[in-house]
Amino acid sequence: KYLRLENVPGEFPYTAGVFPLKRTEEEPKRQFAGEGTPERTNRRFHFLSKDDKAKRLSTAFDSVTLYGEDPDYRPDIYGKIGESGVSVCTLEDMEQLYDGFDLADPSTSVSMTINGPAPIILAMYLNTAINQQLKKYAAKKGAPLTDAEEAEVKEQTLRAVRGTVQADILKEDQGQNTCIFSTEFALRMMGDIQQYFIDHGVRNYYSVSISGYHIAEAGANPISQLAFTLSNAFTYVEYYLSRGMKIDDFAPNLSFFFSNGMDPEYT
């Protein structure tokens, strides 16, 4: 009965975990932050992770960012800027947010709780990582990099970055509603991102965190949560396959999270 219902990690029915062993080279925790300006949140990240060998950062964005709004002065959003999350609307904001962290280091991973504008925020993050490495290699060389060298640094960076972008637009429609595009268009952008990941060998970053916990928070019981979450996953898989992507190429970029009271980036 124990083997059928519980069992040990890595064994059917996997209720104790999918993998038999956990990482031993880094603490299984994330430092979660996001409030006010990018500079303020950056200081918080450095404070939280200063004694950690692995810099595992999880980022909360304010509602203005979640809805893709411009944080310029407007009476209806002025009081929400930088509240319950960090305000990020430009590439410079993103660079300030992660200043001082080597985003290409294998011991650094960055997760971002963002859905509607996830493709734009992800593009800012990847460009931040690339620009950081371009500056690093140019300083090491003591001269500007050639076009070929810049291209190589870019590809190396994309292969090295670690982390997760939530980007699950289907559970947003079902549970949270931070949607700024039609479902069809958002799904197409998710496919574009996954194709980009395949084309550039981005294997250490999850292109979507297929999230059940928001569905549970919206009132689903555990069975309904599981059903909706797996249905969403099947939709992504079927759509990516319909675009000609191979399952072995995109499956490693999918992550799952079910309700246990924490954000998906903690898993």
* State whether the number of non-hydrogen atoms from other residues, nucleotides or ligands found under 6.0 Å of Leu5 atom CG is greater than 12. => yes
* Asked: Quick check: are there more than 12 heavy atoms from other residues, nucleotides or ligands sitting under 6.0 Å from CZ of Phe228?
  -> no
* **Residues in salt bridge (Lys or Arg N to Asp or Glu O under 4.0 Å) contact with Arg203, at least two apart in sequence or another chain** => none
* Structure fact -> By salt bridge (Lys or Arg N to Asp or Glu O under 4.0 Å), Lys135 pairs with (sequence neighbours left out) none
Which atom pair, heavy atoms only, marks the closest approach of [X] to [Y]?
X      : Y      : result
Phe32  : Ala60  : CZ-CB, 3.5 Å
Ala233 : Phe256 : CB-CE2, 3.5 Å
Asn127 : Leu91  : CB-CD1, 4.0 Å

* To do: Taking only Lys NZ, Arg NE, NH1 and NH2, and the carboxylate oxygens of Asp or Glu, determine whether Lys141 and Glu149 approach each other closer than 4.0 Å.
  => yes
Side-chain donor/acceptor pairs under 3.5 Å, residues 178-189, sequence neighbours excluded:
from	atom 1	to	atom 2	distance (Å)
Thr178	OG1	Glu172	OE1	2.3
Ser182	OG	Phe185	N	3.1
Thr183	OG1	Asp173	OD2	2.4

* Return the orientation label for the Tyr213 and Phe257 ring planes: parallel under 30°, perpendicular over 60°, tilted otherwise. => perpendicular
* Aromatic centroids of Tyr125 and Tyr98 separated by under 6.0 Å -> yes
* Output every pair passing side chain to side chain donor-acceptor pair (under 3.5 Å) with a member in residues 190-200, not counting sequence neighbours, ordered by first then second residue. => Glu155-His200, Asp192-Arg243, Gln194-Ser207, Gln194-Asn253, Gln195-Asp199
Side chains of [X] and [Y]: do they bring a donor and an acceptor to under 3.5 Å?
X      : Y      : value
Asn232 : Thr229 : no
Glu152 : Gln156 : yes
Gln133 : Asp102 : yes
Asp168 : Tyr236 : yes

Expected output: side-chain [X] to main-chain [Y] donor-acceptor under 3.5 Å:
X      : Y      : result
Asn221 : Ser224 : yes
Gln31  : Leu48  : yes
Thr235 : Ser231 : yes
Asn204 : Arg159 : yes

* Taking side chain as C-beta onward, heavy atoms only, is Leu66 less than 4.5 Å from Thr113? -> no
* Beyond-backbone contact of Tyr240 with Met190, side-chain heavy atoms, under 4.5 angstrom -> yes
* Single hit among Arg162, Arg30, Lys55 for side-chain hydrogen bond (donor to acceptor under 3.5 Å, both in side chains) with Ser109 -> Arg30
* Transitive ILVMFWY cluster of Val8 at side-chain heavy atoms under 4.5 Å: who else is in it? -> Tyr2, Leu3
* Transitive ILVMFWY cluster of Tyr206 at side-chain heavy atoms under 4.5 Å: who else is in it? -> none
